[in-house]
Amino acid sequence: MLDVLDLAYLPQEENQFRGELRAFIKETTQEMDAYARARSWMGFDAGFSKKLAAKGWLGLTLPKQYGGAEKGYFSRFVLSEELLGAGAPVSAHWIADRQSGPLILRYGTEAQKQFYLPKICQGEAFFCIGMSEPDSGSDLASIKTRAQKNDKGWLLNGSKIWTTNAHQSHYMIALVRTSGEAGDRHKGLSQVIIDLSLPGVTVRPIVDVAGDAHFSEVFFTDVQLADDALIGNEGDGWEQVNAELAFERSGPERIYSSMALVECFLKECRQQGWQSERVQVTLGGIVARLAVLRTMSLAITSKLAKGENPSVEASLVKDYGTGLEQDISKLIADCMGGHPEWTPSVELIKTLALVDQVCPSYSLRGGTREILRGIIARGLGLR
C-alpha cells in the first residue's frame, strides 16, 4: 500500500494563497471561541460561506466557465487545511464544494453543470448526500429507496437517515434503486438530484448528545422528479457513489476535526505555565502523528491532481486520521488528569467535553471503520 503513495509537496505559489486565507479567517472568525471552533466542519454559517464565495474561494477546482476558479487540488488542500485548522464554520457549503460539484462536473449533463455549478460557486446552493438508510447503514448496496420511471420523470419513495445538514440544504444527491430489488446489490442503483423543497419531502433533524442537530432523517412520499434529475447513466450509481466518496475521504477533513481542542490546550499551557514531561509527550505525539497523516493526505492530493482515483489510499488515510481525531480528547484529558494541581479554564473544559462527546462519530461519517478496512483489504488483494 505505502509504495504507491509518492511523497508530494505543495507548490510554492500556494504560500501567497495561504497568507490571504489566514488574514481573511482571522478577520471573519475573531469573535469565535474554542468551543464554537471545535465544531470544525460541522459549524453552519451561510453568511460565512457567501463571504468565501465573494472572494472566489468556492469551487476552486471547478472550470471558470461554470463560475469556478480552476486552481486545482493543491489550492483546495490549502483552503481546507486553513479553514479546518482554524475551526471556521464551513458546513453550509462544504458538501457541495467538496463532492457534489465535482460529481456533477464528472457525470452530469451540460444542462446540469450550467444550472448547479455556478450556484455552488456563488454559495447559493447547499447540498447534502443521501446514502444511509434505516435498515442499511453502511451497507449501501442494500438500499431500498426507489425512483420509478414514469411519464413525468421519476417517482421517488423511501427514506434516508444520518444525512448531514439536510434540514438546511437546498438539494440532495441520493443513491436510489431504479431497477431490481435490494437483493440485487450493486445492480440497478442510480444517483438523482432532489430539490428538497418539492412536495412529498419531509426532513426531521436528529438532535445529538451535544444538543446539536447536524444530521437528519429524510422521507420521500411520491416525490415527482423530472427526467433530468438523473445524474450519469441509469444503473451506474455504484461506480459514481464510490467516486464521490473518494472526493469525501481524500482531503484533510479526516485529520483536523479536533484541532480547536489542541490549540486551546496549547494556549492554556502557555498562558498558565503548564510544563511537564507529560505535556511534552502528549503534544509531541499528536504533532508526530499529524505530520505523517498530512504527508499522506498531500500524496493523495497529488494523485487527484494527476487525474487518478485514489479511493483505497483515501480510505487508509481516513481510517488513520479519524483514529487520531478520536484519540486527541483522551490524550489531553489524561494529561490534565495527571496534574490535579492545574485549574483549567471554562473554555478548555467545555471544548474538551464537546469533542469527547462528538468524536465517536468521526469514524462513522464518510464510511465506517469496518467498511474502510474492507476496501483496504480488497485493494491489497486480501479478500
Side-chain angles (χ1 to χ4, degrees), residues 1-11 14 40-42 60-61 72-85 87 90 94-95 97-99 102-103 129 131 138 140 164 241-262 285-329 331 355 358-383:
M1 175 64 68
L2 293 180
D3 61 358
V4 300
L5 282 177
D6 297 325
L7 195 61
Y9 300 93
L10 283 170
E14 299 299 345
S40 187
W41 52 279
M42 298 301 286
L60 281 183
T61 62
Y73 287 99
F74 282 114
S75 290
R76 194 178 189 286
F77 183 95
V78 172
L79 177 71
S80 300
E81 188 170 49
E82 290 299 320
L83 290 172
L84 298 175
V90 299
W94 203 250
I95 290 173
D97 182 66
R98 177 185 64 191
Q99 60 199 96
L103 182 81
I129 51 177
M131 293 187 186
S138 292
L140 296 181
T164 303
V241 82
N242 276 285
E244 181 181 1
L245 286 169
F247 289 130
E248 180 176 355
R249 295 166 180 163
S250 60
E253 290 93 328
R254 312 306 177 178
I255 303 174
Y256 295 118
S257 293
S258 300
M259 284 302 103
L261 173 58
V262 176
I286 291 171
V287 170
R289 291 171 66 183
L290 178 62
V292 172
L293 283 162
R294 182 179 185 271
T295 301
M296 294 172 72
S297 189
L298 269 174
I300 292 174
T301 300
S302 178
K303 285 182 171 290
L304 289 173
K306 295 174 184 175
E308 299 177 25
N309 181 10
S311 57
V312 176
E313 297 92 330
S315 297
L316 180 69
V317 174
K318 183 198 179 282
D319 188 10
Y320 285 159
T322 53
L324 170 61
E325 290 180 330
Q326 290 175 330
D327 287 347
I328 281 173
S329 61
L331 290 169
V355 174
V358 301
C359 72
S361 71
Y362 296 168
S363 57
L364 296 175
R365 59 197 189 193
T368 66
R369 184 163 284 142
E370 292 75 14
I371 292 294
L372 294 175
R373 291 179 180 177
I375 294 171
I376 295 166
R378 281 194 296 273
L380 290 171
L382 299 177
R383 56 178 295 185

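We use all heavy atoms of the structure for the numbers below, so side chains are in, but hydrogens, waters and symmetry mates are not.
Of all non-hydrogen atoms in Leu293 and Val317, the two that sit nearest each other are CD2-O, 4.0 Å. Heavy atoms only, all atoms of each residue included: Ala8 and Ala299 are closest at CB-CA, 4.0 Å. Across every non-hydrogen atom of Pro102 and Thr61, the tightest pair is CG-OG1, 4.5 Å. Taking every heavy atom of both residues into account, Phe74 and Pro11 meet most closely at CG-CD, 3.7 Å.
The distance from the CG atom of Leu298 to the CG atom of Asp6 is 13.0 Å, given to the nearest 0.5 Å. Of the inter-residue distances, the one linking Asp97 atom CG with Ser80 atom OG reads 7.5 Å to the nearest 0.5 angstrom. To the nearest 0.5 angstrom, Leu84 atom CG is 8.5 Å from Leu79 atom CG. The distance from atom CG of Leu261 to atom CD1 of Ile286, rounded to the nearest 0.5 Å, is 8.0 Å.
Under the salt bridge (charged side-chain N to carboxylate O under 4.0 Å, His left out) criterion, Arg373 pairs with Asp319, sequence neighbours left out. Looking at residues two or more places apart in sequence or on another chain, you find a salt bridge (charged side-chain N to carboxylate O under 4.0 Å, His left out) between Glu81 and Arg18, Arg294.
Side-chain atoms of Ile328 and Val355, non-hydrogen and from C-beta on, never get closer than 4.5 Å to each other. Residues Asp327 and Arg289 form a side-chain contact, since some pair of their non-hydrogen atoms from C-beta on lies under 4.5 Å apart. Contact of the Ser302 side chain with the Phe77 side chain is not registered, since no non-hydrogen atoms from C-beta on lie closer than 4.5 Å. Inter-residue side-chain proximity for Met296 and Tyr320 is flagged as met; some heavy-atom pair is nearer than 4.5 Å. In this structure, Leu304 and Arg76 have side chains that are not in contact, with every pair of non-hydrogen atoms separated by 4.5 Å or more. Annotation: side chain of Leu290 is in contact with side chain of Tyr256 (closest heavy-atom distance under 4.5 Å).
No donor-acceptor pair closer than 3.5 Å links the side chain of Glu325 to the backbone N or O of Ser258. A donor-acceptor pair under 3.5 Å is formed between the side chain of Thr301 and the backbone N or O of Ser297.
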Give the C-alpha distance, both sets of side-chain angles, the deciding distance and a yes or no for side-chain contact (heavy atoms from CB on, under 4.5 Å) between Trp94 and Leu83. CA-CA 11 Å; Trp94 203 250; Leu83 290 172; 4.0 Å; yes
